Colleague: 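Here it is: the structure, laid out below.
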Amino acid sequence: MNALKVWFDGRSPRERRLLLVMVALAIVTLVWGAIIVPVRNGLSSSRERYTDAVVRLGEAQAGLAQVKALQRRAAPLSAPLADVVRARADAAGFALASLDVEAPGRIRTSIATARAGALMQWIAGLEADGVLVDSLSVSGNGAGSVTAQMTLRTRGN
């Protein structure tokens, strides 16, 4: 440290001022790069995550309102669930590969071949009428058809 002071004292007053300005600018640059930029980036990232969370919360609340509205307006089924599903599948042109009653108001069924779009519309129609999908597994058969295994239940079971 003593050698640095001797070296600094050996400079002319103009050189000393320039060296002090250079050191001050280096300190400002280091503070800017090591503290201010990371903190600013962190705050910006936090604001973006907060905004995304608020949007997701709004979407979830809107979805919840739709589900509650469906639950309020759904009428009870006019027949046992197995009969309703069998009749709706026949009307839609789906051949049920199996239909097993697991409990009152709960069945497990499978469809060997169906068009994916038609199957999803059929399931949406069931849900609109008060039949809930507990589980659904859809796999492709090739040639544009799918196989589906699902567990269905009535609302409230």
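Here the structure is a predicted model, which means the values were calculated and not measured. Heavy-atom basis, side chains included; hydrogens, waters and symmetry copies ignored.
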Colleague: Rounded to the nearest 0.5 Å, what separates atom CD1 in Ile111 from atom CD1 in Ile123?
Modeller: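 If we round to the nearest 0.5 Å, Ile111:CD1 and Ile123:CD1 are 7.0 Å apart.
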Colleague: So Val133 and Leu136, do their side chains get closer than 4.5 Å, heavy atoms only?
Modeller: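 Yes, side chains in contact.
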Colleague: Look up atom CZ in Arg88 and atom CG in Leu81, then write down how far apart they are to the nearest 0.5 Å.
Modeller: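 Between Arg88 CZ and Leu81 CG, I get 11.0 Å after rounding to 0.5 Å.
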Colleague: Taking only residues two or more places apart in sequence or in another chain, which ones pass salt bridge (charged side-chain N to carboxylate O under 4.0 Å, His left out) with Asp52?
Modeller: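 With neighbours one apart ignored, the set is empty.
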Colleague: If the condition is side-chain contact (heavy atoms from CB on, under 4.5 Å), which residues does Asn141 pass it with, not counting sequence neighbours?
Modeller: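 Scan of Asn141 (side-chain contact (heavy atoms from CB on, under 4.5 Å), adjacent residues dropped) gives Thr113, Ser145, Thr147.
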Colleague: Look at the side-chain heavy atoms of Ile, Leu, Val, Met, Phe, Trp and Tyr, link any pair under 4.5 Å apart, and say whether Met22 and Leu4 land in one connected group.
Modeller: yes
Colleague: Within the 4.5 Å heavy-atom criterion, are Arg115 and Leu119 side-chain neighbours or not?
Modeller: no
Colleague: Identify the two heavy atoms, one from Val138 and one from Ala148, that lie closest to each other, and give their separation to 0.1 Å.
Modeller: CG2-CB, 4.2 Å
Colleague: To the nearest 0.5 Å, what is the distance between CZ (Arg56) and OG1 (Thr51)?
Modeller: 10.5 Å
Colleague: Do Thr109 and Leu152 come close enough that some side-chain heavy atom pair is under 4.5 Å?
Modeller: yes
Colleague: Hey, does the side chain of Arg153 reach the backbone of Leu132 with a donor-acceptor pair shorter than 3.5 angstrom?
Modeller: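 Pair absent, no side-chain N/O of Arg153 close to backbone of Leu132.
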Colleague: Has the side chain of Gln121 got a donor or acceptor atom that lies under 3.5 Å from a matching backbone atom of Ala118?
Modeller: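 A pair under 3.5 Å: no.
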Colleague: How long is the span from the CG atom in Leu19 to the CZ atom in Arg16, to the nearest 0.5 Å?
Modeller: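 Those atoms lie 10.0 Å apart.
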Colleague: Which atom names give the shortest non-hydrogen contact between Trp122 and Ala89, and what distance separates them?
Modeller: NE1-N, 3.6 Å
Colleague: Within the 4.5 Å heavy-atom criterion, are Asn2 and Trp7 side-chain neighbours or not?
Modeller: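 They are not in contact (no side-chain heavy atoms under 4.5 Å apart), so the answer is no.
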Colleague: Donor-acceptor check, side chain of Trp32 to backbone of Ile27, threshold 3.5 angstrom: yes or no?
Modeller: no
Colleague: In Å, rounded to the nearest 0.5 Å, how long is the span from CD1 of Ile107 to CG of Asp83?
Modeller: 9.5 Å
Colleague: In chain order, what residues pass the salt bridge (charged side-chain N to carboxylate O under 4.0 Å, His left out) check against Glu102, with sequence neighbours excluded?
Modeller: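 Listed in chain order: Arg106, Arg108.
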Colleague: Any idea which heavy atoms bring Ala82 and Val101 closest together, and the distance?
Modeller: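 Between these two residues, the closest heavy atoms are CB-CG2, 4.1 Å.
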Colleague: Please report the interatomic distance CE(Met150) to OG(Ser110), rounded to the nearest 0.5 Å.
Modeller: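 So the CE of Met150 and the OG of Ser110 are separated by 8.0 Å.
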Colleague: With side chains defined as the heavy atoms from C-beta onward, is the minimum distance between Val55 and Tyr50 less than 4.5 Å?
Modeller: no
Colleague: Compute whether any side-chain donor of one residue and acceptor of the other, for Ser45 and Arg49, lie under 3.5 angstrom apart.
Modeller: yes
Colleague: Minimum heavy-atom separation for Ala114 to Phe94, with atom names?
Modeller: CB-CE2, 3.4 Å
Colleague: Output yes when a side-chain donor or acceptor of Ser44 lies under 3.5 Å from a complementary backbone atom of Arg40, and no otherwise.
Modeller: no
Colleague: Just by distance, do the side chain of Thr151 and the backbone of Asp134 share a donor-acceptor pair under 3.5 Å?
Modeller: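 No; judged by distance alone, with no hydrogens or angles, the pair does not exist.
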